[in-house]
Structure formats: structure tokens, C-alpha cells
Protein chains: 2
Amino acid sequence: MTISEVSKKYNLTADTIRYYEKEGLIPKVPRDKNGIRDFDEGSCGWIEFIKCMRSAGLEIETLKQYVSLFRQGTATVKERKILLIEQREKLLKKQEDIKATLDRLNYKIEKYEEIEKGKLKDFTEKP
Amino acid sequence: MTISEVSKKYNLTADTIRYYEKEGLIPKVPRDKNGIRDFDEGSCGWIEFIKCMRSAGLEIETLKQYVSLFRQGTATVKERKILLIEQREKLLKKQEDIKATLDRLNYKIEKYEEIEKGKLKDFTEKP
DNA sequence: ATAGTACTTAGAGTCAGCTCTAAGTCAATA
DNA sequence: TATTGACTTAGAGCTGACTCTAAGTACTAT
């Protein structure tokens, strides 16, 4: 698979994929005799994984570290687990922030609806 | 309330608060005779609101727009509602991304636990 | 064989969102 | 009165995560 095919498949720019490889977020991608990347299943799996993690906001630096541990083999299982647990904590925190904000947005949207329907003519405006 | 008090209260740096005011994320803060900011309840309310929205990832530009509409009065209620609904959509999408990533992290953490306990000695490693 | 297209690299540029610096004002304390 | 410390400003600098540029190579189609 060429980079442009992978780019379409995962909806990432070729630049981003090259950047991820350069930074070590994904292991080195195999090349053909001309030095052109030829993505196999393994490479695609990594890209899919990184895309998922990035979509939730995990940092490049963290993912780089994870890949690095991964490549050092089973001896790093414990460390990897710790890293993933840390990231889970962060995501749980983020989830709560989003939940709180969604509650607030819902409340405000409802209020605005009431104003539009004329139910709340003298709404005291607050942020 | 001085900027440093507000800074402590909301755990934001004074620089960030000044930046928010300069950018128009919060309405102009009242000043004393020496030009020093004296935050009232209104200002604090805005800061709290912006902090909540930012914690969920709403963009500066979007919040700036919201504040601008807000300051134009009740004529902009409809537009404000549309803006907030858009942001709610974005947050719901983000929530899903995080949920998917959390599922994946939980699965991997569990696998790593099994390896540690010796249940899974020949774990085929994949990202 | 010439043009077009897809790839390659190193490195520069961009953007959001702060964060810091420098130079200055003012009020309170030693 | 001198200094300390909290504030002020404009604007420069930083970080993370891309995104783009320039210059070059290789295969394909006319």
C-alpha cells in the first residue's frame, strides 16, 4: 500500500503519516527498492491505533514513548501498563470536563429556546 | 478583586486572564482610578464560564464570537443558540472518540494484567 | 524523449493558545 | 526617601502538532 492509499484509508494527510513515522509514533514502514514506503498490515494497524489515540487527545510525546517501550519487547509490559493507566486517568478527567460543559450547554440552549418561544421574556442574561 | 486573587480562585495565570480580556473572551473588566482591574461578580462569572468551555476544548475564536453576540443583546438569541448547538455537536463527537479510546485502553490494560499474572504467556503483540 | 504524476527528503512555516519580557506606574512599608 | 511588590502595557517567544516548500528521483503514457 502506498502512502496516498493509506492516507485515503485513514483520512490523514500523507504529510501527517510521514511526520508520525519520522517522530517514531509508528515503527519504520517497509520500503521498496526505490525507497518508497510500502505499508503492510502491521504498519496500517499502527496508524489506526495512533489515529484513535490522537483523536482522544493523547500527546505525540506519550505515544512516542509507548511505541518505544513496545519495541523493547515484553520486558516493558509493566511500564506500558502504567503509561496506559495514566492516559486512562487523563481521559476520564477529560470526559468529566466535557460532561460538565455539555450540561451547561444543554441548559443554555433550553433557556434560549424558552426565550424564542416567548416563555421567558425577561430573562436575566448571564454567561 | 485583583487579578491575582481571581487567578488563584480559578487556577488560571494572570497572563491568561489578561489574554482572555484582550481577545474579547470576557467583557472589559472594570478598573480603579489607577487603571488596575477590579473584578466584580460579573467578570468572575465570565471567567468561570470561559474556563469551563475551554476545559472542554471550545476554541478561543468561537468563545470570542459568543461573547460578541451576547453583548449585542437579545436580538442575537437565535444566533447564539445555533452557535451553542454546533458546539454541543462537537462535544458529543469528542465524547465518542474518548469513549472509543477508553474502551481500547481498558482492553489493553486488561491484557497487560493477564500477561503480568502469567495467564497469557504467549501474547501476540499488536499495537 | 518529453511531460506528467507519485513519491522522496530536510527543513522552514503556520496556527492556537498561551507565556514571558521589558519597561513603567503606584501604594505601602523600613 | 528608598525600596519592595503588585499591578500595567505592547509585543516577542514558546510549544505542540502539523503543513508546506523546494529540490530531486522514478515510473507511465503520449
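Letters go in sequence order (proteins before strands), and every chain restarts at 1.
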Practice task
Give a yes/no answer on whether the side chain of A:Y20 brings an N or O atom under 4.0 Å of OP1 or OP2 in D:dA17.
Solution key: no

Practice task
For B:M1 and D:dA6, give me the distance from atom CE to atom P, rounded to whole Å.
Solution key: 16 Å

Completion exercise
B:K64 NZ to C:dG17 C1', in whole Å, measures 11 Å

Practice task
Would you please confirm or rule out a distance under 4.0 Å between OP1 or OP2 of D:dC7 and any side-chain N or O of B:K33?
Solution key: no

Practice task
Counting heavy atoms from C-beta on, name the nucleotide in D:dA17, D:dC7, C:dG17 closest to the side chain of A:I60.
Solution key: D:dA17

Problem - Under-4.0 Å salt bridge between B:K81 and A:E113 - result: yes

Exercise for the section: In plain terms, say whether A:K28 and A:E21 are close enough for a salt bridge, that is, a side-chain N and a carboxylate O under 4.0 Å apart. Expected result: no

Fill in the blank from the handout: Separation of D:dC18 atom P from A:I47 atom CD1, nearest Å, is 13 Å

Problem - Pairwise side-chain contact, A:I47 with A:C44, heavy-atom cut-off 4.5 Å (strictly under) - result: no

Problem - Atom-pair distance (CE on A:M53; C1' on D:dA17), nearest Å - result: 18 Å

Problem - N-O pairing of B:K99 and B:D103 below 4.0 Å - result: no

Problem - Min side-chain heavy-atom separation B:L83-B:E79 under 4.5 Å - result: no

Exercise for the section: Specify the separation, in whole Å, of atom CD of A:E59 and atom P of D:dT15. Expected result: 13 Å

Problem - Under-4.0 Å side-chain N/O to phosphate OP1/OP2 contact, B:R54 with C:dC18 - result: yes

Practice task
May I ask you to evaluate whether A:T16 reaches the phosphate of D:dA17, defined as a side-chain N or O under 4.0 Å from OP1 or OP2?
Solution key: no

Problem - Contact under 4.0 Å: B:T2 side-chain N or O vs D:dA6 OP1/OP2 - result: no

Practice task
Give a yes/no answer on whether the side chain of B:Y19 brings an N or O atom under 4.0 Å of OP1 or OP2 in C:dC20.
Solution key: no

Exercise for the section: Tell me whether the centres of the aromatic rings in B:F49 and B:F70 are closer together than 6.0 Å. Expected result: no

Problem - nucleotides 8-15 of chain C: protein proximity per nucleotide (B base, S sugar-phosphate only, - neither; heavy atom, under 4.0 Å) - result: BB-B----

Handout entry: Length of the line joining A:E23:CD and D:dT19:C1', which is rounded to integer Å
Key = 13 Å

Exercise for the section: Nearest whole angstrom, please: distance from the P of D:dC18 to the CG of A:L25. Expected result: 9 Å

Handout entry: Rounded distance (Å) that lies between atom C1' of C:dG17 and atom CG of B:L12
Key = 13 Å

Problem - Closest listed nucleotide, where the reference is the side chain of A:S4 and the choices are C:dA27, C:dA6, D:dA17 - result: C:dA6

Handout entry: Phosphate OP1/OP2 of D:dC18 contacted by A:T13 side-chain N/O (<4.0 Å)
Key = no

Exercise for the section: For the residue pair B:T13 and B:T16, confirm or rule out a side-chain donor-acceptor distance under 3.5 Å. Expected result: yes

